[in-house]
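To start, the structure under review is shown below, and the notes come after it.
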Amino acid sequence: MTTASPNPTQHSSHLTEIAPDTFVDASGRQLTPKEVRNIVTPHDFAVNTALFGLPLASPWRRGCAVAIDGLLITLLAAGDLLFFTPLYGYLIWRCHKLGSLKRRNILLGLMPLLLVYAYAQNTTQQPTTDIDVSSAVELSAAAIKLASNCDAACADEQADSIILALQTAKLSDAKAQDSLQDLLKDSALSAAQQQQKLQLLQQRRAELSAARKLLQTADTAAPAPESGWWQKLQQSDHSVMKWIQGILADLGISFGWAVAYLTMFISWNHGQTPGKRLLGIRVVQLDNKPLSLWGAFGRQGGYSAGFATGLLGFLQIFWDPNRQAIQDKLADTLVLRV
């Protein structure tokens with residue numbers, strides 16, 4: 001037990017610091033290092049004391065929210081009015097509920113122009129994405145059910161669904177095991193049952209890896225089919241298609257929907273995209289003030305920085321004291337469990 005300092009600092013009603021990096025909660029119980037990593041603490045930045053002690057969003061919740069938002073952005077990029085209209089209507093309704101009447105009126109005024117643009121996109125584009133998000137959606141649904149009032153039989157069923165999603169996920173075996181362990185630790189399953197599920201996941205991933213290696217060997221042995229003229233045109237560095245794609249990339253048009261989606265929802269929907277709202281998490285500024293439109297725009301730019309660092313900027317939520325990813329560092333934000 002760490003000796004308390006003579007002048008403990010009470011950061012909020014939730015948290016008191018009795019020594020450097022040593023905290024007690026409202027009941028006087030000293031928090032373990034693992035518990036400290038899961039709450040907001042005063043680490044090297046100015047933060048509103050009202051946020052101290054509030055629970056941070058766990059990595060799996062943030063990952064599931066990003067997967068859901070990625071699916072919605074992909075559907076929006078397809079230019080289909082079937083997905084654009086309800087999402088836009090939802091944002092208008094949220095602005096009205098939050099009392100942001102000026103923002104609601106701006107969205108209503110822009111709606112005819114955006115509907116025309118989305119209709120034009122729908123008539124000139126066809127979906128070209130080959131992103132498989134079924135595993136992410138299945139994982140999100142199972143995790144939400146597991147977090148609710150789920151008895152042993154329900155927990156066993158949801159654990160099998162999570163294993164099914166994780167066995168094909170593009171994660172290292174260690175990260176897949178850690179994700180499953182994190183999801184099951186507060187479930188109704190006993191320690192022995194949780195260990196069985198971890199072993200089952202390890203076994204299935206090993207079997208799948210062996211099958212993939214076998215298929216790769218067979219594909220290598222088979223002669224590659226001759227490319228047609230269309231494939232050769234697409235692969236050519238001198239084709240008109242490459243030139244057009246380069247111009248679109250330079251203008252940022254390929255990221256337009258992602259920029260609009262993340263900026264508008266984070267700023268005008270109380271720090272929540274639809275994915276974050278579904279997973280019960282929210283983006284807040286360190287000063288606990290509402291995030292401006294410009295601040296939200298700067299934060300979404302951090303996603304590009306995350307990809308530029310080889311995803312290291314995203315993975316730092318596993319070791320950062322307040323689970324800040326690179327986009328949170330850039331915008332001085334946190335992601336809380338609400």
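Position 1 is the first residue of the sequence; numbering continues from there. In what follows, every heavy atom counts, from backbone to side chain, and hydrogens, waters and symmetry copies are set aside.
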Between [X] and [Y], is there shared hydrophobic-cluster membership here, with clusters defined by ILVMFWY side-chain heavy atoms closer than 4.5 Å?
X    : Y    : value
L293 : L262 : yes
L330 : Y303 : no
V338 : L98  : no

inquiry  = side chain to side chain contact (heavy atoms under 4.5 Å, CB included), that's the test. Do L180 and Q194 meet it? Break it down for me.
reply    = CA-CA 9 Å; L180 179 60; Q194 293 181 25; over 6 Å; no
Measuring from [X]:[atom1] to [Y]:[atom2], what's the distance to the nearest 0.5 Å?
X    : Y    : atom1 : atom2 : answer
N105 : S100 : CG    : OG    : 10.5 Å
R94  : L91  : CZ    : CG    : 9.5 Å
I106 : L101 : CD1   : CG    : 11.5 Å
I281 : T273 : CD1   : OG1   : 7.0 Å
Q316 : I326 : CD    : CD1   : 6.0 Å
L208 : Q203 : CG    : CD    : 12.5 Å

query = Quick one: disulfide bond (SG atoms under 2.5 Å apart) pairs with a partner in residues 151-206, sequence neighbours left out?
reply =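 Qualifying pairs, neighbours excluded: C150-C154.
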Minimum side-chain heavy-atom gap [X]-[Y] below 4.5 Å:
X    : Y    : value
F265 : V283 : no
I163 : K197 : yes
I266 : K276 : yes

Nearest heavy atoms of [X] and [Y], plus distance in Å:
X    : Y    : result
A152 : A188 : N-CB, 3.7 Å
D320 : Q324 : OD2-N, 3.0 Å
Y90  : P274 : CE2-CG, 4.2 Å
G295 : A331 : O-CB, 4.2 Å
L184 : A159 : CD2-CB, 3.8 Å

request  = Keeping to residues at least two apart or across chains, list the salt bridge (Lys or Arg N to Asp or Glu O under 4.0 Å) pairs with something in residues 204-218.
outcome  =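 Output for this query lists D173-R205.
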query = Got a sec, which pairs hit salt bridge (Lys or Arg N to Asp or Glu O under 4.0 Å) with one end in residues 96-105, sequence neighbours left out?
reply =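 Every pair satisfying salt bridge (Lys or Arg N to Asp or Glu O under 4.0 Å) with a residue in residues 96-105: there are none.
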task = Quick one: do D160 and D156 satisfy side chain to side chain contact (heavy atoms under 4.5 Å, CB included)? Show the steps, please.
result = CA-CA 6 Å; D160 288 339; D156 184 74; 3.9 Å; yes
N/O donor to acceptor pairs below 3.5 angstrom from side-chain atoms of residues 51-68, sequence neighbours left out:
from: S58; atom 1: OG; to: W60; atom 2: NE1; distance (Å): 3.0
from: R61; atom 1: NH1; to: L279; atom 2: O; distance (Å): 2.6
from: R62; atom 1: NH1; to: R323; atom 2: O; distance (Å): 2.8
from: R62; atom 1: NH1; to: D328; atom 2: OD2; distance (Å): 3.3
from: R62; atom 1: NH2; to: D328; atom 2: OD2; distance (Å): 2.8

query = In the hydrophobic clustering that connects Ile, Leu, Val, Met, Phe, Trp and Tyr at side-chain heavy-atom distances below 4.5 Å, which members other than I317 occupy its cluster, ordered by chain and number?
reply =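 Cluster partners of I317: L312, L315, F318, W319.
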Single hit among D332, T333, T263 for side chain to side chain donor-acceptor pair (under 3.5 Å) with R299 =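 Going through the options one by one, the only one that passes is T333.
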request  = Give a yes or no answer on whether the side chain of D25 reaches the backbone of S27 with a donor-acceptor pair at less than 3.5 Å.
outcome  =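 Yes, because the side chain of D25 sits within donor-acceptor range (under 3.5 Å) of the backbone of S27.
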Pairwise ring-ring contact (aromatic ring centres under 6.0 Å, His included) hits with a residue in residues 283-302, at least two apart =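 Of all non-adjacent pairs touching residues 283-302, those that pass ring-ring contact (aromatic ring centres under 6.0 Å, His included) are W294-F297.
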